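Note sheet for the following structure.
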Number of protein chains: 2
Amino acid sequence: MPDEKRPSFAGNITADDVAAEAGVSRWTVNRAFRKEASISPKSLEKVRVAAERLGYVPDLRAASLSSDRTNLVALLIDDFANPHKLVMMERLTRILRREGWDILLVNTLDRDDAGHALTNASQRRVDAVILIGIQFDDDVLDAALHARRFRKLIIFARTSRNPNTISIAVDDVRAMKEIANYVHERGYRRPLFLAGPRTSSAHLLRKETFVDYWREHFGSEPETVAVAAYDPALAAAIVEETLSGRAVSELPDIVVCENDALAIGATDVIRHKLKLRIPEDIAITGFDDVPEAESANYRLTTYRQPLTDMAEYLVEVLGSAEDRDFDRLFSGKLMVRDSA
Amino acid sequence: MPDEKRPSFAGNITADDVAAEAGVSRWTVNRAFRKEASISPKSLEKVRVAAERLGYVPDLRAASLSSDRTNLVALLIDDFANPHKLVMMERLTRILRREGWDILLVNTLDRDDAGHALTNASQRRVDAVILIGIQFDDDVLDAALHARRFRKLIIFARTSRNPNTISIAVDDVRAMKEIANYVHERGYRRPLFLAGPRTSSAHLLRKETFVDYWREHFGSEPETVAVAAYDPALAAAIVEETLSGRAVSELPDIVVCENDALAIGATDVIRHKLKLRIPEDIAITGFDDVPEAESANYRLTTYRQPLTDMAEYLVEVLGSAEDRDFDRLFSGKLMVRDSA
DNA sequence: GCAATTTTTGCTCACGGGAGCAAGCGCGTT
DNA sequence: AACGCGCTTGCTCCCGTGAGCAAAAATTGC
C-alpha cells in the first residue's frame with residue numbers, strides 16, 4: 001500500500017500542508033504557484049517536489065476571492081438545434097482555454113430564463129459574460145446592465161445597438177450585400193428569403209440588407225418567410241408548407257437563407273419532398289459555413305465567418321483593462337460551392 | 001440620474017452592505033439567502049428589499065470555501081465534429097442546471113491535454129468531473145484517480161472497466177445485438193462495419209458485439225474498417241477509399257456504423273461519390289439518433305440512447321453522498337427508418 | 001571584508017460567507 | 001409572576017489564498 005499515508009480525497013490538501021512538507025512558509029508555497037511572484041529557484045524546487053508528493057494544486061476559489069479576478073467567463077447559449085453552435089463552442093472553448101480562461105457553460109432555456117442565467121453567472125463572480133444565444137432581448141440586457149454585475153457583457157457573432165455591450169460579429173451588411181450581389185449576377189430573379197426568429201436585440205441585419213438590395217436593384221420586394229428557430233427541422237416544415245403545391249412558375253429560383261441551419265432544412269425538403277434538384281430547379285445559399293456545408297451532400301454556397309479571428313479578438317478584449325469601445329465587425333468569405 | 005448612489009460595478013456589494021441597509025446583522029443577510037436557515041419572515045423581507053435595491057447576490061466562491069461544496073461540475077469534452085456532442089451537451093446542461101448544478105466546460109484538445117484539463121478542474125474544486133470525450137484512456141484516468149482530487153469521476157455515454165469510475169451508458173452489447181439481429185433478419189449478408197477510433201478506456205463494445213454475432217450466426221468474419229475520429233468528413237474519406245473501384249458483387253449490402261456521425265459521412269459518400277442508392281444498393285445503420293438522422297435526407301435507421309434518463313440518473317448520482325457502485329447501463333430503442 | 005543594494009521570505013490583514021454556539025426574544029403554562 | 005421551550009439573532013472562528021510591507025538573506029561594488 002504505497003499510498004497509505006495519502007488521504008483518500010486530496011481535495012483538502014492546502015498550502016500549509018505543502019509548506020510543512022517542504023520546510024518553508026505557506027506564502028512561499030503560494031508564490032511558487034504564482035508566476036509573477038519572486039521566489040528563489042531552490043525554494044521553488046522544494047515546493048514543487050512537496051506539492052507533487054501531496055497532490056496539491058492551489059484553490060482558485062480562494063485565490064479569486066482575494067485577487068478579485070476569477071479568470072472565469074460565463075458562456076450563455078441557447079439555440080442548440082443550430083449546428084453552428086457546436087462550431088462556435090469548440091472554437092471559443094479552445095481559444096479561451098489556451099489563454100487561461102475557464103468557462104462556465106449555461107444553457108439558457110428561454111427568454112425568462114436568461115435573467116436567472118445572468119444572476120447565476122454573477123454569483124460565481126465571472127469576469128465577463130459572453131452571449132451567443134438568440135433569446136437575449138433588450139429587456140434582459142438592460143436588466144443585466146442595470147444590476148451592473150458584470151465588467152463586460154459580450155455579444156458574440158451578433159451585433160447589438162446597446163451601448164454598454166460589446167459586440168464581436170461579422171459585418172452582416174457587407175456579407176449579405178456580397179451574397180445578394182452574387183445571387184444577382186448569377187441570374188437568379190425570384191428569390192425567397194428564409195429568415196430566422198426576430199429578436200429585439202442582438203440583431204442580424206441579413207434580411208433587411210437583402211431586401212434593401214433587391215428593392216434597390218429591381219424595385220420589387222422579394223418574398224420572405226420566417227422560421228421560429230434556427231432549426232433545420234423547423235425550417236424544413238416551413239419551406240414545405242410555403243412551397244408545396246405551387247406551380248413551377250411560382251416557385252423561387254433560389255432560397256437565400258439567413259444561416260446554414262435553415263439552408264440545410266430547406267435543401268432536405270426541396271430534394272426529398274418537392275423532388276426538385278439543387279441548384280438546377282432551386283438554388284440555395286446559407287450563412288456560417290458549418291462543417292456540413294462542405295459535405296458532398298450539401299455543397300452549400302455560404303459565407304464563412306472568421307470565427308478564429310473573432311475568438312482571438314475576444315480574448316484580447318477580455319484581457320484589456322481599458323474602458324473603451326470594443327465593438328468590432330469582421331469580414332468573412334463567400335464560399336462558392338455547388339448549391340448556387 | 002436615479003442611479004447615482006449606486007456604484008458603477010456592483011460586483012463588490014457584500015452582505016455587510018445589505019446588513020447596514022436593512023438594519024440587521026451580516027449573518028441574518030446570509031441566512032436570508034440560505035434556504036435551510038431559520039429566519040423570521042419580516043427579517044427576510046427587509047433583507048430582500050435591501051438586497052434588491054443594492055443589487056446584491058451572494059458570492060458562491062466564498063460560500064463554497066467554507067461549505068466545501070461548489071455545486072460545480074466539470075464537463076470534459078472533445079470530439080466536437082460529432083453532432084451527437086451537441087445533443088448531449090444540451091441535455092446535460094439543461095438537466096444539471098435545473099437541479100442547481102453549474103457547469104465548467106473544458107474542451108480537451110488531445111490526450112496530453114486531458115491531464116491538464118483535469119488539473120484545471122480540480123483547481124476550481126469541482127464536486128465531480130464528467131467525461132464525455134473519447135481521449136481519456138486508462139493512463140489519464142489512473143493519473144486523475146491517483147491524485148485523488150475528485151469525489152466522483154463520471155464517464156457518460158461510454159462504459160469503463162475502471163472500478164473507481166462511474167459509468168452511465170447505454171448497454172452496447174444489448175443494443176448492438178438488436179441491430180445485428182435486425183440486419184440479419186432483413187436479409188443483409190455482406191455487412192461492412194464502420195468503427196471509430198479505439199481507445200484503451202471508455203470502451204464501446206459495438207464492433208466486438210457485431211463481429212461476434214456475425215461469426216456466431218454465419219461462421220464468417222464481417223469486414224471492418226476504422227475511422228480515426230467520429231467525424232463525418234473523415235468517415236466519408238475512409239468509405240470512399242475503401243469502396244471506390246469495387247465491382248458491384250464485392251460491395252457490401254449494408255454499412256453498419258458505430259454511430260451516426262460515421263453513418264452520415266458514409267451516406268453522403270455512397271450517394272454522391274459512388275452514385276448508389278440507399279437502401280436499395282447499400283443500406284446503412286447508425287447509432288445515437290442525432291437530429292439529422294430523422295431528417296428527410298438521411299431517414300437513418302439507428303439506435304436512440306435514452307439521454308434524458310441517463311442525465312437524470314446522473315444528477316441523482318451527483319446528489320448522493322453514499323459510496324456505492326453507481327455504474328448503470330440503460331436500454332435505448334431501435335429507430336427503424338428508411339436507410340436499412 | 002564591509003556597506004549598500006537587491007532579492008527572498010515571513011507576516012498581518014483582507015476577501016465574503018458558513019458552521020455552530022450562546023444569548024435574546026416571544027409566548028404559553030403553571 | 002416565574003418558568004420553560006423554541007425560534008431568531010449576533011458572534012467567534014474558520015475556509016485558502018493574495019496584497020503589500022518589513023525583516024532576513026543573498027548579492028553586488030569597491
Side-chain angles (χ1 to χ4, degrees), chain A residues 7 9-48 50-51 54-72 100 102 122-127 149, chain B residues 7 9-48 50-51 54-72 122-127 149:
Chain A
F9 170 60
N12 51 349
I13 293 286
T14 171
D16 278 316
D17 303 326
V18 179
E21 176 87 12
V24 297
S25 74
R26 179 165 79 66
W27 299 275
T28 300
V29 173
N30 292 338
R31 270 188 272 260
F33 287 91
R34 227 178 314 149
K35 55 192 304 192
E36 70 290 7
S38 121
I39 185 174
S40 69
K42 64 172 179 295
S43 302
L44 182 63
E45 185 54 24
K46 280 195 292 186
V47 171
R48 284 219 182 290
L54 297 177
Y56 167 80
V57 286
D59 185 329
L60 289 183
R61 299 170 302 172
S64 77
L65 243 195
S66 68
S67 74
D68 201 35
R69 296 200 64 225
T70 53
N71 269 295
L72 186 68
D102 283 341
S122 83
Q123 291 197 237
R124 300 270 176 199
R125 301 293 190 263
V126 297
D127 288 331
R149 283 198 289 241
Chain B
F9 170 61
N12 50 349
I13 294 286
T14 172
D16 279 316
D17 303 325
V18 179
E21 176 86 13
V24 299
S25 72
R26 178 165 79 67
W27 300 276
T28 300
V29 174
N30 292 338
R31 269 188 274 258
F33 287 90
R34 224 179 317 149
K35 54 191 304 193
E36 69 289 5
S38 118
I39 185 172
S40 71
K42 65 172 177 297
S43 301
L44 182 62
E45 185 55 23
K46 280 194 292 186
V47 171
R48 284 218 183 289
L54 298 177
Y56 168 80
V57 287
D59 186 329
L60 289 183
R61 299 170 302 172
S64 78
L65 244 195
S66 66
S67 74
D68 202 34
R69 295 200 65 224
T70 52
N71 269 295
L72 186 67
S122 82
Q123 292 196 234
R124 300 269 176 200
R125 299 297 190 261
V126 297
D127 288 332
R149 283 198 289 241

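The shown structure was predicted, so the numbers you read here are calculated from the model rather than taken from an experiment. Throughout, protein chains are lettered first and strands after them, A, B, ... in sequence-line order, and every chain is numbered starting at 1.
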Listing time: all N or O pairs from protein to nucleotides 12-15 of chain C that are below 3.5 Å?
unit_1  : atom_1 : unit_2   : atom_2 : d
dT12(C) : O4     : Trp27(A) : NE1    : 3.1

task = Mind checking side-chain contact (heavy atoms from CB on, under 4.5 Å) for Asp127(B) and listing every partner two or more places apart, or none if nothing turns up?
result = Arg69(B), Thr70(B), Trp101(B), Arg151(B)
key: For Ala51(A), side-chain contact (heavy atoms from CB on, under 4.5 Å) partners two or more places apart   = Val18(A), Phe33(A), Tyr56(A)
query = Considering the terminal five base pairs at each end of the helix from dG1(C)-dC30(D) to dT30(C)-dA1(D), what angle separates the two local helix axes, rounded to 10°?
reply = 30°
key: CG on Asn12(B) to CG on Asp68(A), rounded to 0.5 Å   = 7.5 Å
key: Non-neighbouring partners of Arg61(B) that pass side-chain hydrogen bond (donor to acceptor under 3.5 Å, both in side chains), sequence neighbours left out   = Ser64(A), Asp59(B)
ask   = What pairs of residues pass the side-chain hydrogen bond (donor to acceptor under 3.5 Å, both in side chains) test when at least one of them lies in residues 15-28 of chain B, not counting sequence neighbours?
value = Glu21(B)-Arg53(B), Ser25(B)-Thr28(B)
Enumerate the protein-to-nucleotides 22-28 of chain C contacts in which both atoms are nitrogen or oxygen and the separation is below 3.5 Å.
none

ask   = Heavy-atom contacts under 4.0 Å between residues 30-42 of chain A and DNA chain C, which residues?
value = Arg31(A), Ser38(A), Ile39(A), Ser40(A)
Name each donor-acceptor pair under 3.5 Å that joins a side chain in residues 34-41 of chain A to protein atoms two or more places apart or in another chain, with its distance.
unit_1   : atom_1 : unit_2   : atom_2 : d
Ser40(A) : OG     : Ser43(A) : N      : 3.3
Ser40(A) : OG     : Ser43(A) : OG     : 2.8

request  = Indicate, with a heavy-atom threshold strictly under 4.0 Å, whether Ser43(B) touches base, sugar-phosphate, or nothing.
outcome  = sugar-phosphate
ask   = Does the side chain of Val29(B) reach to within under 4.5 Å of the side chain of Val24(B), using non-hydrogen atoms?
value = yes
inquiry  = Rounded to whole Å, please give me the gap between CG in Asp68(A) and P in dG17(C).
reply    = 12 Å
inquiry  = Please pick, from dG18(D), dG10(D), dG16(C), the nucleotide with the shortest atom-to-atom distance to any side-chain atom of Ser67(A).
reply    = dG18(D)
message = Closest-nucleotide mapping onto DNA chain D: is Ser64(A) or Val24(B) further toward the 5' terminus? I mean the 5' end.
response = Val24(B)
